[in-house]
Amino acid sequence: MTQGHEPLSIMDGNLQTDFSTKTKRGIFLSKSLTLVILIIFALALVATAFIVYNFAACPRTDHLANVTKLTYCEQSKLLVIPLNTDSTTSVSIESTTSYTETTTKEVDNTVTDVRLPTNIKPDSYLLKLTPYIIEGNFTFDGEISIVITVKNNTNRITFHGVELSFIKINLYKKEDRKEIKIIRRTEDVARQFQILDVTETLIAGHQYVLNITYVGILNDNLHGFYRSSYEERKVKRWIAVTQFQATDARRAFPCWDEPALKAKFTISIARLNNMTSVSNMNMVRRSPHEVLQDYTWDHYAESLPMSTYLVAFAVTDFGNMSDHNFSVWARKEALPSAAYALEIGPKILKFLEEYYKIKFPLPKIDMIALPDFKAGAMENWGLLTFREIAMLYEEGVSPTTARARVASVVAHEIAHQWFGNLVTPAWWSDIWLNEGFASYVEYVAVDAVEKSWKLMEVFVLNEVQSVFKLDALTSSHQISVEVGNPEEIGAIFDKISYGKGSAILRMMNHFLTDEVFNSGITDYLNAKKYGDAEQRDLWSALTNAAREKGSFDADVAVVMDSWTLQTGFPVLSITRDYKTGSITFRQERFVLINETSELHNSSVWWIPISYTTAIEKDFESTRPKIWLRGERSIVVHNITISENDWLIGNIQQTGFYRINYDQRNWAMLVQILNDKSRFEEIHPINRAQIVDDAMNLALSGRLDYMTALDITNYLAHERSYVPWKAGLVALGYIDTMLSKGAYYLEYKRYVLSLLNGAVQELGWEVTSNESVVRAQHRVDIISTACHLQHVECLEHAVRLYTNWMLTPNPDAYNEIHADIRSTVYCVGIQAGGAREWQFAWERFLVASAPSERELLLSVLGCTRAPYLLYRYLDLSLRNDSGIRKQDTIRVFSAVASSSIGEPIAFNFVRANWLRLKEYVGSVSTLNSILKVVTRRLNEVHEYEELKRFVGESCSDLGRPVQQVLERTAANVQWMQKNYRNIVDWLLAAEKNKTA
């Protein structure tokens, strides 16, 4: 941690100078020199004590007489033993390194040429690891034997390795065990390459064995092989776990760390006798450690061919529960909360085996809930790793909606076992195949096993409408995008790869039909299993399936490349000629800042167009009736529709595009939606679509706000979740833009008038066995009402929070239902002061349930006291605060979620940027924090400050920071163009109600 100090003045010390020229006998020391010597002596004693302490803490062996260039700790614990004496490919290592070592570093750190040479391919890895999960040590010994096949004659072997200290490297020809002399090892830091130059040519078609002994670090940055801790009965316990996606397997073992370079893995883990380990495959045997008496070897079966990023292992003292070949692991105190994951996991696995028509190929699945985990979850083959909040559900403590969260995340990771693990994208540019498919199938799978939740309707909110916001930026990116260095790869794990990827797969499912889509997917998986693929392989399989069924006459690649190889999405304008009955369909790219651009106007898509009319009211037929086949526009004459009847396009919003109508058709939609007796003639998804499209068309200047806001009037009698959620999100943007202005009061009154009926209908009382959808609807409606200072809502929430504070034992007795705690806690803290905030902070420090801890972290940002907000932000960057590093983003998001907290959070980020960078150690985390603390900026001077800060401090953050700048520019433009119009509409609406 960097701390600032005031510079010392020369007068601060007792500085004395002797100007005498008289020669003196003996040795005389000035006071200042004496002081310096004493300080040096003291430091030497401290350093010696530190070395002795750490030397004692390291496991000792007697095999190290010849090992050089090691730290004291490495010298004391390194094991130099054969990798596997039973293996014909393993060779005992006896000699020390005897080659030249050099390190090169590119002057330009924006290196893009990071692909490995193609002259070597790994076939199998034998990996032995001994992690030292010991306070003050946190390192691991590694021994690896890699069988490689030479594809082209070469004198050089290049592989990945980061933050590894190499002790010995030996190379042998497999067939005769002849040693190949290594003359030089070069580390290319910028590319994370380790390069070995050898004395003789390695012959194409021959196999060689590369043996490496090394030492690594159990880091605390939540990537690679890292350490994590938790407390149980006030005792701190340490564990060691992995997270390798996308490019961090190289931090745990030397490897060819690219997704297409699949190989078989045989893993052995040495762990303390009182701990357990788990890995991708089933354990086949245990054996005593040869040197360390307190350690045992766990040996795992050889894996199927898989990518390095899917390798996983964990050493913990967790408990577990099993259902045949399915097991869950968690902290012993938290293990009962894993019961729901164990219940739903096997159901989803069974469904997906039938869905893919391919049996799960591994002998088991383990799921483990980790206290520290940067991602939500990870699909490592056979060993799924989760944040605790994403896997644990505790009845009565977790909100009802947490069940859906657990089910969805479990389904997402199990879906990957086929799509991503069995068949893997050849390179990260097609990561959307992994994440998009899993994001789609998670809804399909959960909808199949929990039918009452109607998650396929919620899909439109979470994946379609949500991703439109990012994809409307000119700084968005293609679904399939070229990426090189690890920062670029990490940046595409975003809503485009997940949300847009899943949305276009759903669109394709609807225009191909379930039968064709599922048949093509099965054919694709069977053809490419245990290998790698590109998106064109999927298109080919789907085209063949469609032609066999005779259901689709176009090449799927031609259609879908228009969606994956272009940035953005279209808005389809439907203009009716009410005299002739002809209808024009015209497309253009939808961008948030609506400016004329040749680039935007040149984009065209293959658009499947479904529609229905007031006469038909057919909202179930989602297959397209018309196609825009890469054309700018078409005119259709054969649609039967009365000039006084409405038309609605994009049934159930299955197509990934927005719809704009002519003014007369919009007026007819406004009329039917505002008719209490008829609005439900329109499908709830299409009601949500109409609200979302209208408000965003107005936001971008394509529709007047008067029409869009007239549509929102109908929400006063809407009771379905999906349309209301779409309305709240769309209105929420206006809330954010107006929250610092003089007319926010008028906005609050208008939205409260819409909410009254829904608030009364949902109420505060939670019934038993309530549906997930209704529970989420209540959370959204009540929290919005309290946010807008609905008097009864505030009074009820403050009363509940105060009563909880007065409870003699608030940690044991909390009568506030878990479903409404988020609103009650936030209002209680907001209405109170330091006492109410401190009460919540103390509850957070002692809370053990992940859902309660996450909730409290979010609501602690609700306070209106600036000094408490600054305090909270400061605590999030301290290792001793109790806030885990994985939750730093949550703290900044919570503080920045209000008009009071946003400038505080933004100013804090600017003032503490270097500290923040050092603490979080992750470009993706920095980008996320910058995004959440700037979402309310909408004034010209704020935009200029942001540009200055980005230019001076964080221009190296890549595309995401450009998206932050563009979104802020759009906010500024919106204020200039729309603020006055919105205010005028609100004033007129209020006047009409009082008239």
How long is the span from the [atom1] atom in [X] to the [atom2] atom in [Y], to the nearest 0.5 Å?
X	Y	atom1	atom2	answer
Leu565	Ser480	CG	OG	5.5 Å
Arg623	Ser610	CZ	OG	11.5 Å
Tyr661	Thr575	OH	OG1	11.5 Å
Phe351	Ile344	CZ	CD1	12.0 Å
Glu631	Arg586	CD	CZ	12.0 Å

Side-chain heavy atoms of [X] within contact of [Y], under 4.5 Å:
X	Y	value
Leu538	Ile521	yes
Ile626	Tyr611	yes
Gln776	Val458	no
Met507	Thr654	no
Glu643	Lys579	no
His416	Asn380	no
Gln535	Leu433	yes
Val467	Phe569	no

Between [X] and [Y], how do the two ring planes meet: parallel, tilted or perpendicular, split at 30° and 60°?
X	Y	result
Phe459	Tyr440	perpendicular
Trp563	Phe656	perpendicular
Phe493	Trp428	tilted
Phe511	Trp627	perpendicular

Does any N or O in the side chain of [X] come within less than 3.5 Å of the main-chain N or O of [Y], such that one atom is a donor and the other an acceptor?
X	Y	answer
Asp323	Leu342	no
Asp430	Pro425	no
Glu620	Asp618	no
Ser497	Asp494	no
Glu457	Ile685	no
Asp692	Ala688	no
Ser582	Asp577	no
Lys528	Leu525	no
Glu450	Val446	no
Ser307	Leu310	no

Surrounding [atom1] of [X] (heavy atoms of other residues, nucleotides or ligands, distance under 6.0 Å), is the total greater than 12?
X	atom1	value
Lys264	NZ	no
Lys364	NZ	yes
Lys350	NZ	no

- Decide yes or no on side chain to side chain contact (heavy atoms under 4.5 Å, CB included) for Trp432 and Leu505, but give the supporting numbers first. CA-CA 10 Å; Trp432 80 270; Leu505 287 168; 4.0 Å; yes

- Task: Please lay out, stage by stage, how Ser519 and Lys549 fare under the test side-chain hydrogen bond (donor to acceptor under 3.5 Å, both in side chains).
- Result: CA-CA 10 Å; Ser519 176; Lys549 306 291 183 183; 5.1 Å; no

For [X] and [Y], work out which heavy atoms get closest and say how close.
X	Y	result
Tyr355	Val441	CE2-CG2, 4.1 Å
Ala726	Gln465	CB-OE1, 3.6 Å
Pro363	Met281	CD-CE, 3.9 Å
Thr543	Ala557	OG1-N, 4.2 Å
Asp693	Arg658	OD1-NH1, 2.9 Å
Gly649	Ile574	CA-CD1, 4.4 Å

- Message: As a quick check of understanding, evaluate side-chain hydrogen bond (donor to acceptor under 3.5 Å, both in side chains) for Thr308 and Asp257, giving each step before the final call.
- Response: CA-CA 6 Å; Thr308 49; Asp257 200 11; 2.5 Å; yes

- Item | Member of Tyr356, Phe419, Phe517, Trp539 meeting the ring-ring contact (aromatic ring centres under 6.0 Å, His included) criterion with Tyr524 | Phe419

- Item | Among Lys500, Arg589, His477, the one residue meeting side chain to side chain donor-acceptor pair (under 3.5 Å) with Asp471 | Lys500

Distance alone, cut at 3.5 Å: any donor-acceptor contact between the side chains of [X] and [Y]?
X	Y	value
Asn509	Asp514	yes
Trp427	Asp532	no
Lys495	Ser466	yes
Gln689	Asn686	yes

- Task: Apply side-chain hydrogen bond (donor to acceptor under 3.5 Å, both in side chains) to Ser700 and Arg702, showing your working.
- Result: CA-CA 6 Å; Ser700 66; Arg702 290 176 173 82; 2.9 Å; yes

- Salt-bridge criterion met for Asp561 and Arg536 (N-O under 4.0 Å): no

- Task: May I have the step-by-step check of side chain to side chain contact (heavy atoms under 4.5 Å, CB included) for His412 and Ser439, ending in yes or no?
- Result: CA-CA 6 Å; His412 183 102; Ser439 296; 3.3 Å; yes

- Apply side-chain hydrogen bond (donor to acceptor under 3.5 Å, both in side chains) to Gln587 and Tyr657, showing your working. CA-CA 10 Å; Gln587 64 166 304; Tyr657 54 91; over 6 Å; no

- Task: Show the numbers, then the answer: is there a side chain to side chain contact (heavy atoms under 4.5 Å, CB included) between Trp666 and Leu703?
- Result: CA-CA 10 Å; Trp666 275 119; Leu703 180 67; 3.7 Å; yes

- Item | Ser408: which of Arg403, Glu413, Glu442 passes side chain to side chain contact (heavy atoms under 4.5 Å, CB included) | Glu442

- Stepwise side chain to side chain contact (heavy atoms under 4.5 Å, CB included) check, Glu680 with Arg719: CA-CA 10 Å; Glu680 289 182 309; Arg719 295 296 178 266; over 6 Å; no

